[in-house]
There are 2 protein chains.
Amino acid sequence: MSYTYKYPRPALTVDCVVFGIDGEELKVLLIQRALEPYEGCWALPGGFVQMDESLPEAARRELVEETGLDRVFLEQLFTYGDVERDPRGRVVTVAYYALVRMSDHKVGAATDARDASWFPVWDTPSLAFDHESILQAALKRLKGKVRYQPIGFELLPKKFTLSQLQHLYSTILERDLDRRNFRKKILSMDILDELDEVEKDVAHRAARLYRFNERKYKKLVKAGFDFQI
Amino acid sequence: MSYTYKYPRPALTVDCVVFGIDGEELKVLLIQRALEPYEGCWALPGGFVQMDESLPEAARRELVEETGLDRVFLEQLFTYGDVERDPRGRVVTVAYYALVRMSDHKVGAATDARDASWFPVWDTPSLAFDHESILQAALKRLKGKVRYQPIGFELLPKKFTLSQLQHLYSTILERDLDRRNFRKKILSMDILDELDEVEKDVAHRAARLYRFNERKYKKLVKAGFDFQI
């Protein structure tokens with residue numbers, strides 16, 4: 001089979017930057033490429049867009065095929081189209097990013113990749129194509145968004161302690177946050193439910209668990225509330 | 001000439017949402033299509049990406065060709081790839097948006113469009129393809145950005161009165177702003193230079209002119225300052 005057009009067309013791919021939090025570290029999901037170019041090299045999961053699927057459908061399909069990751073909320077990040085970004089010729093890629101609760105998902109290479117694994121975002125192997133700059137753009141977007149939208153909760157277990165939440169923000173924003181100010185700020189927003197439960201199986205004194213109340217948050221936003229950390 | 005590929009490829013286009021302020025109104029630059037599909041219909045300026053140009057280069061070229069608008073700062077908005085968005089077949093488009101000082105630019109249809117003209121954003125003719133939803137997305141982005149980044153100044157004359165600035169924000173945000181609070185807020189940021197000049201040729205009492213001081217703003221941002229209206 002072959003396909004003929006009157007004018008030349010770039011090839012179109014999607015790539016996914018998937019972030020997760022593992023205890024103390026912000027991680028990104030990478031695959032080891034099974035094919036040339038960059039065979040054996042680590043890369044963002046992704047691949048060619050098929051004619052009968054939308055762009056987010058292509059991204060979701062590639063994530064499943066290459067990493068086993070399913071039912072992930074993807075958001076479009078940016079489209080990369082530099083003329084020289086792919087040795088195979090002109091390839092334009094639409095990048096997506098996602099935040100996942102690592103505990104909810106098992107990853108492993110499926111059909112199209114040699115391996116799939118989580119890496120600390122500040123300590124990844126050298127990446128194929130321009131994937132390093134896509135990763136950096138996704139990190140920048142995450143840093144920006146996490147301050148103005150309550151997306152950080154998507155990375156934490158559904159029930160979390162205020163220390164875990166503070167740690168998440170410190171990790172993403174790459175700076176220390178004052179414990180007392182952070183607690184005051186987040187509790188004053190009134191978007192967390194304090195649960196009648198405490199942490200289990202911890203060496204230190206078990207801390208209170210909280211849960212993000214999305215319904216309350218949406219109500220506040222309608223009333224003009226601005227989330228800001 | 002024709003071009004043959006092993007797998008089918010979507011066609012790739014760029015489209016531009018260019019905003020300007022004309023006195024009281026927020027406007028968008030549209031072109032009247034000279035060719036099918038949607039011949040004679042109004043649309044966002046745009047067209048096919050060539051193999052030897054980057055995506056922003058394609059957007060800039062199309063703007064010049066279709067509207068005469070040159071030297072515009074374009075920012076990527078979103079990529080639209082719904083399977084059915086173009087009657088010609090699968091066409092994926094990378095949308096850009098730009099803010100221009102209307103007084104600095106003259107527009108007029110160049111080679112590829114029948115006409116080019118500014119329309120009030122809340123009163124456009126019916127648009128080709130999915131361009132209405134691209135325009136709405138650009139408006140949403142503009143509304144969001146204008147509150148957190150000093151981009152509004154790009155729409156105003158270099159020297160402006162505080163009333164003009166307030167009016168700009170009211171127009172984009174679609175709500176009234178309290179005159180006294182607005183002035184207090186914007187002046188307290190210390191990013192405007194008060195000039196030794198007043199408005200000319202006005203019927204009312206001539207108001208003081210101001211200029212955005214980008215150098216000062218960048219210095220403040222480095223020190224942790226957050227612009228917010």
Side-chain angles (χ1 to χ4, degrees), chain A residues 1-15 47-60 74-86 88-96 130 134 137 141 143-145 147-149 173 175 177 221 224 226-229, chain B residues 1-15 47-60 74-86 88-96 130 134 137 141 143-145 147-149 173 175 177 221 224 226-229:
Chain A
M1 285 290 280
S2 69
Y3 299 85
T4 300
Y5 306 105
K6 197 173 164 195
Y7 298 100
R9 296 182 173 191
L12 187 69
T13 58
V14 286
D15 285 301
F48 292 96
V49 175
Q50 294 175 0
M51 296 301 264
D52 59 352
E53 64 187 359
S54 69
L55 303 173
E57 280 165 6
R60 276 192 291 271
L74 291 159
E75 194 168 323
Q76 202 183 98
L77 175 66
F78 199 78
T79 297
Y80 294 80
D82 278 0
V83 176
E84 307 280 357
R85 60 174 295 282
D86 192 311
R88 291 168 290 190
R90 188 77 193 273
V91 181
V92 172
T93 197
V94 184
Y96 284 80
D130 53 358
I134 298 178
R141 177 79 62 95
K143 276 188 194 184
K145 278 221 153 176
R147 292 192 55 206
Y148 298 107
Q149 288 180 26
L173 298 174
R175 59 182 168 87
L177 298 168
V221 166
D226 282 318
F227 179 87
Q228 200 179 343
I229 290 287
Chain B
M1 285 288 282
S2 68
Y3 298 85
T4 300
Y5 306 105
K6 197 173 164 196
Y7 298 101
R9 296 182 173 191
L12 187 69
T13 59
V14 286
D15 285 299
F48 292 95
V49 175
Q50 293 176 1
M51 295 302 265
D52 59 351
E53 65 187 0
S54 69
L55 302 174
E57 280 164 8
R60 276 192 292 270
L74 290 160
E75 193 167 323
Q76 202 184 97
L77 175 66
F78 199 78
T79 297
Y80 294 80
D82 278 0
V83 175
E84 307 281 356
R85 60 174 294 283
D86 193 310
R88 291 169 290 190
R90 187 78 193 272
V91 181
V92 171
T93 196
V94 185
Y96 283 81
D130 52 359
I134 298 178
R141 177 79 63 97
K143 276 188 195 184
K145 277 221 155 176
R147 293 192 54 206
Y148 298 109
Q149 287 181 26
L173 298 175
R175 59 183 169 86
L177 298 169
V221 166
D226 282 319
F227 179 87
Q228 200 179 344
I229 290 286

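Order of the sequence lines fixes the chain letters, A, B, ..., with proteins taken first and strands second; residue numbering starts at 1 for each chain.
The side-chain hydrogen bond (donor to acceptor under 3.5 Å, both in side chains) test applied to A/Arg85 returns A/Asp130, not counting sequence neighbours. For A/Gln228, the side-chain contact (heavy atoms from CB on, under 4.5 Å) test picks out A/Arg147, A/Tyr148, B/Asp226, B/Gln228, with sequence neighbours left out. Residues satisfying the salt bridge (charged side-chain N to carboxylate O under 4.0 Å, His left out) criterion with A/Arg88, sequence neighbours excluded, are A/Asp86.
At a heavy-atom cut-off of under 4.5 Å, chain B is reached by A/Gln50, A/Met51, A/Asp52, A/Glu53, A/Ser54, A/Leu55 from residues 50-60 of chain A, listed in order of number.
No other option in B/Val94, B/Thr79, B/Val92, B/Val83 has as many heavy-atom pairs under 4.5 Å with chain A as B/Thr79. Between chain B and the residues A/Gln76, A/Met1, A/Lys6, the largest count of heavy-atom pairs under 4.5 Å involves A/Gln76.
Residue B/Tyr5 qualifies as enclosed at atom OH: its count of foreign heavy atoms under 6.0 Å is above 12. Sparse packing is recorded around OH of A/Tyr7, with 12 or fewer heavy atoms of other residues, nucleotides or ligands lying under 6.0 Å away.
A 4.5 Å side-chain heavy-atom check between B/Arg9 and A/Leu12 finds every atom pair outside the cut-off.
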Steps toward side chain to side chain donor-acceptor pair (under 3.5 Å) verdict (A/Thr4, B/Ser2)
CA-CA 6 Å; A/Thr4 300; B/Ser2 68; 5.4 Å; no
